[in-house]
Protein chains: 2
Amino acid sequence: MKAKLGRCSLLQALSSKGFRLTSQRRALIETIQEADDHLDAASLLRAARQRKADINRATVYRTLELLKRLGLINELDLMHLEGEKHYYEARARRDHLHLACYKCGAIMEYTTRTLERLKDEIARHNQFQVGVIRLEVGGWCKHCRPRSGTIRGSSMAPGCGLH
Amino acid sequence: MKAKLGRCSLLQALSSKGFRLTSQRRALIETIQEADDHLDAASLLRAARQRKADINRATVYRTLELLKRLGLINELDLMHLEGEKHYYEARARRDHLHLACYKCGAIMEYTTRTLERLKDEIARHNQFQVGVIRLEVGGWCKHCRPRSGTIRGSSMAPGCGLH
DNA sequence: GTATTTGCAAAAGCTTTGCTGCAAC
DNA sequence: GTTGCAGCAAAGCTTTTGCAAATAC
């Protein structure tokens, strides 16, 4: 179960910026905020329809675009483990990174101060104002590691054909 | 001009693993290695055709898939600044991150020890064998920052409609 | 000579768009 | 009553696939 704390209140944020709160948007936002997993557009539509039956695919995409533009949700690729869909999550108070296992497909989240330090460093060294930071790691989780023991420091994918 | 040093020799790596060196693959690989920018599949095809006229789109995608699987190139999304295409770069000796400016579209690379430290930390704390790490940052470059001075530590995108 | 790889063309998958009518404020 | 937003259906774009012919080794 995904933690529900530390989330922005999307509904509140939307209306305070003058956007209409349609019943469709409510259903979509509630679905996103209460989701256990990262949802792609199709899954979100399916889940949101249990709250409000008549939601259209176009509305899903338009709402996601809006929330993304407002910085209220994050868009993830999750290393394209399965196709080119995008995944979404309500933006948490702290940035975190996503680990994707090439073998079993598990997605893990990891929060660390180092990421915040890195963000500050990026801003300072490049005079760059950071809006969104997306850090995704592909590899092998502890259950799927090719062999136990060594974790290589190298950046090269170990061997071929392993994905 | 992008630095040409610190690259893997893709041709050599391919043949040493027993893959055939077709003229199409040669043309594609040479194009990738000498590219000044990050190339998407269509641009790569266009550029490679100047070396070898008859290359097909399917071959491009199949070759990219192969090189990616072998860990010889990185696949980037560059924060989806323009559509959903993917971008590719020959894998460098050191990992680096990509900064994408929402306003002018500039892509900058930044290499830092902190990224390597972060990678080690990820591996240690999650017992995760890192294959590929992809870190992309969306924001505003020094020429496009909304206002000078403050660089906010917050992760929220500043204001709405700015992308 | 044989197995791998290519070209071709069609399809698949996800996302976007134009337009009409509905609904939030 | 306005104006923004949703629904519908069609199109758009990138990427993938099946199969026969070509090519690297």
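Keep in mind that this is a model prediction, so the values were computed, not measured.
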Protein N or O to nucleotides 21-25 of chain C N or O, pairs below 3.5 Å:
from, atom 1, to, atom 2, distance (Å)
C/dA24, N3, A/R20, NH1, 3.3
C/dA24, N3, A/R20, NH2, 3.3
C/dC25, OP1, A/L21, N, 3.3

Exercise for the section: Examine the side chains of B/Q24 and B/T63 and answer whether a donor and an acceptor come within less than 3.5 Å of each other. Expected result: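 Result is no, nothing qualifies.
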Practice task
State, without any angle test, whether A/E75 and A/Y87 hold a side-chain donor-acceptor pair at a distance under 3.5 Å.
Solution key: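 A/E75 vs A/Y87: no donor-acceptor pair found between side chains.
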Once you round it to whole Å, what is the distance between [atom2] of [N] and [atom1] of [X]?
X	N	atom1	atom2	value
B/K52	D/dA22	NZ	P	14 Å
A/D54	D/dC5	CG	C1'	13 Å
B/K68	D/dT16	NZ	C1'	12 Å
A/L45	C/dT15	CG	P	12 Å
A/L66	D/dA6	CG	C1'	14 Å
A/R25	D/dA6	CZ	C1'	10 Å

What pairs of nitrogen or oxygen atoms, one from the protein and one from nucleotides 8-15 of chain D, lie under 3.5 Å apart?
from, atom 1, to, atom 2, distance (Å)
D/dT15, OP1, B/H86, N, 3.2
D/dT15, OP1, B/H86, ND1, 3.4
D/dT15, OP2, B/Y61, OH, 2.4
D/dT15, O5', B/Y61, OH, 3.4
D/dT15, O4, B/R57, NH1, 3.1

Problem - Sequence-distant partners of B/T31, side chain to side chain donor-acceptor pair (under 3.5 Å), two or more places apart - result: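 Partners of B/T31 under the side chain to side chain donor-acceptor pair (under 3.5 Å) test: B/R51.
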Practice task
Report yes or no: does A/R94 contribute a side-chain atom to a donor-acceptor pair with the main-chain N or O of A/T111 at less than 3.5 Å?
Solution key: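 No: the side chain of A/R94 does not pair with the backbone of A/T111.
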Problem - N/O donor-acceptor pair under 3.5 Å between A/E136 side chain and A/M79 backbone - result: yes
Could you list the donor-acceptor pairs under 3.5 angstrom formed between side-chain atoms of residues 52-62 of chain B and any protein atom two or more places apart in sequence or on another chain?
from, atom 1, to, atom 2, distance (Å)
B/K52, NZ, B/D54, OD1, 2.9
B/N56, OD1, B/A58, N, 2.9

Practice task
Give every residue pair that meets the salt bridge (Lys or Arg N to Asp or Glu O under 4.0 Å) criterion with at least one member in residues 39-49 of chain A, sequence neighbours excluded.
Solution key: none
Problem - Separation between CG of B/D120 and CD1 of B/I122, rounded to the nearest 0.5 Å - result: 9.0 Å
Problem - Salt-bridge criterion met for B/E65 and B/K68 (N-O under 4.0 Å) - result: yes
Handout entry: Note: B/D77-B/R134 ion pair, threshold 4.0 Å (strictly below)
Key = yes
Exercise for the section: Applying side-chain hydrogen bond (donor to acceptor under 3.5 Å, both in side chains) between B/N74 and each of B/E89, B/H86, B/H96, report the one that passes. Expected result: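 Between B/N74 and the candidates, side-chain hydrogen bond (donor to acceptor under 3.5 Å, both in side chains) is satisfied uniquely by B/E89.
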Exercise for the section: Kindly calculate the angle separating the two end axes of the helix from C/dG1-D/dC25 to C/dC25-D/dG1, each obtained from five base pairs, and round it to 10 degrees. Expected result: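 Terminal axis comparison yields 40°.
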